[in-house]
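Below is one structure, written out as structure tokens; comments come after it.
In this chain, numbering begins with 1 at the start of the sequence shown.
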Amino acid sequence: MKISIIGVGNMGAAMIKGLVASGNDEVAGMNPSNPRVTALADELGFTLFNQYEDLVAYQPDVVIMTTPAPITVDMAKKLTGLDSKAVIISAAAGVTIAELKEVLPHNTIAAIIPNTPVAVNAGTIGLALEDDTDKDKIEHVLSQLGDIILVPEDKLGIVGVVGGCGPAFVDVFMDALSDASVKYSLNRQTAYQLIASMVKGSGALAYETKLSPAALRDQVTSPAGTTIRGVEALEKNGFRYAVIDAVNKAND
């Protein structure tokens, strides 16, 4: 299958890295001439187009648009020469499936909100479909990049905040844990490795067991133990409210 990414910025580059690493499909990128993107194409070995005419001539099976929202519909108008079987997946927040369908009425359209861990095939990808047409093809592509969370289109906003902004919130938490580790004599690089492994394992356990975070917390907090004292300190300092308020501010 031929997959093309339009817009090789941070998110487009992350998706290309994940798809190239999977090695299951032919990957191409489309971006105006840019030394950074050219260097990335040379490094990863994907085809790079600088003109829409060349991308259309390539006739990809799936096109993922990671262009800025204000220009996404105009960019979609340049894709009218694609085969009607080509699937268009938009990662532009705020651009609706209906808006793109008006421009490309003969193509299947889907909307996604991915996050940057797609670069290491561990992303969280909110997906909204117009219907079940080409669902298998869409999931074949996206499942290579991480976990797919299928939601109605009107829920993509909050999915984007939690899944997209969430990694930055976790990074702040990890950075604070690393400072605390260094305070107690652990060297910085060991602290980073320890914390990243802990977060990875905690997420995997929650995902696989499907237990609530509260249930998983209770498995670790022994009566009068060290963990419950730490949890008490988090509550005392408003950790839970800080997280909710961060989501509130990001969602605004």
Side-chain angles (χ1 to χ4, degrees), residues 1-121 123 125-127 130 134 137-146 156 160 164:
M1 188 181 298
K2 295 195 289 188
I3 304 170
S4 293
I5 311 291
I6 298 179
V8 191
N10 290 335
M11 183 54 67
M15 298 187 83
I16 287 174
K17 288 176 183 177
L19 290 169
V20 169
S22 292
N24 295 320
D25 298 288
E26 188 176 320
V27 181
M30 159 67 207
N31 202 84
S33 184
N34 182 308
R36 174 189 58 81
V37 178
T38 300
L40 184 67
D42 291 340
E43 176 190 345
L44 299 180
F46 64 89
T47 302
L48 178 61
F49 301 114
N50 299 131
Q51 303 293 332
Y52 276 88
E53 294 82 357
D54 296 330
L55 173 68
V56 171
Y58 178 67
Q59 286 297 318
D61 301 292
V62 176
V63 173
I64 303 176
M65 303 187 70
T66 62
T67 46
I71 66 169
T72 294
V73 173
D74 286 338
M75 296 302 100
K77 293 175 182 177
K78 299 179 184 293
L79 303 176
T80 54
L82 289 176
D83 189 282
S84 61
K85 293 181 181 179
V87 173
I88 312 298
I89 302 174
S90 169
V95 177
T96 66
I97 291 174
E99 287 176 297
L100 291 173
K101 194 70 176 179
E102 188 173 338
V103 176
L104 298 164
H106 304 298
N107 298 92
T108 297
I109 310 290
I112 61 170
I113 300 292
N115 60 11
T116 52
V118 294
V120 291
N121 310 95
I125 306 161
L127 168 65
E130 57 174 318
D134 292 314
K137 182 187 289 187
I138 294 166
E139 291 186 340
H140 162 79
V141 174
L142 299 179
S143 64
Q144 299 177 62
L145 299 172
L156 279 179

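- Residue-environment remark: CG (Asn10) stays at or below the threshold of 12 foreign heavy atoms within 6.0 Å.
- Taken from CD1 in Ile97 to OG1 in Thr108, the straight-line distance is 10.5 Å, to the nearest 0.5 Å.
- Using a 4.5 Å heavy-atom threshold, the side chains of Ile3 and Met15 count as separate.
- Between Asn107 and Lys101, the shortest heavy-atom contact is O-NZ, 2.7 Å.
- Within the structure, side chain to side chain donor-acceptor pair (under 3.5 Å) contacts touching residues 34-57 (residues at least two apart or in different chains) do not occur.
- Between Met65 and Leu79, some side-chain heavy-atom pair lies under the 4.5 Å cut-off.
- At least one side-chain heavy atom of Leu19 sits less than 4.5 Å from a side-chain heavy atom of Leu145.
- In this structure, OG on Ser143 lies 11.5 Å from CD1 on Ile138, to the nearest 0.5 angstrom.
- Residue Leu55 holds its CG atom at 5.0 Å from CD1 of Ile6, rounded to the nearest 0.5 Å.
- Shown here for Ala91 and Pro114, the closest heavy-atom pair between the two residues is CB-CD, 4.1 Å.
- Of all the heavy atoms in Gly12 and Thr66, the pair that sits closest is CA-OG1, 3.5 Å.
- Taking the side chain as every heavy atom from C-beta outward, Pro32 and Val37 never approach each other to under 4.5 Å.
- Annotation: side chain of Val118 is in contact with side chain of Met11 (closest heavy-atom distance under 4.5 Å).
- Listed by first and then second residue, the salt bridge (charged side-chain N to carboxylate O under 4.0 Å, His left out) pairs that reach into residues 62-79 are Asp74-Lys77, sequence neighbours excluded.
- Of all the heavy atoms in Val62 and Met1, the pair that sits closest is CG2-SD, 3.8 Å.
- To the nearest 0.5 Å, atom CD1 of residue Ile5 and atom CD1 of residue Ile64 are 3.5 Å apart.
- Remark: side-chain polar atoms of Lys2 are paired, donor with acceptor, to backbone N or O of Tyr58 under 3.5 angstrom.
- Partners of Thr96 under the side-chain hydrogen bond (donor to acceptor under 3.5 Å, both in side chains) rule, at least two apart in sequence or in another chain, are Glu99.
- Distance check, rounded to the nearest 0.5 Å: CG of Leu48 to CG of Leu40 gives 9.0 Å.
- Summarising the geometry of Leu142 relative to Ile125, their closest heavy-atom pair is O-CD1, 3.5 Å, with the distance given to 0.1 Å.
- Residues Asp25 and Gln144 have side chains in contact (heavy-atom distance under 4.5 Å, counting atoms from C-beta outward).
- Nearest heavy-atom pair across Thr72 and Ser90 is CG2-OG, 4.3 Å.
- In the displayed structure, Gln59 atom CD is contacted under 6.0 Å by more than 12 heavy atoms of other residues, nucleotides or ligands.
- Side chain of Asn115 to backbone of Gly123: no donor-acceptor contact under 3.5 angstrom is found.
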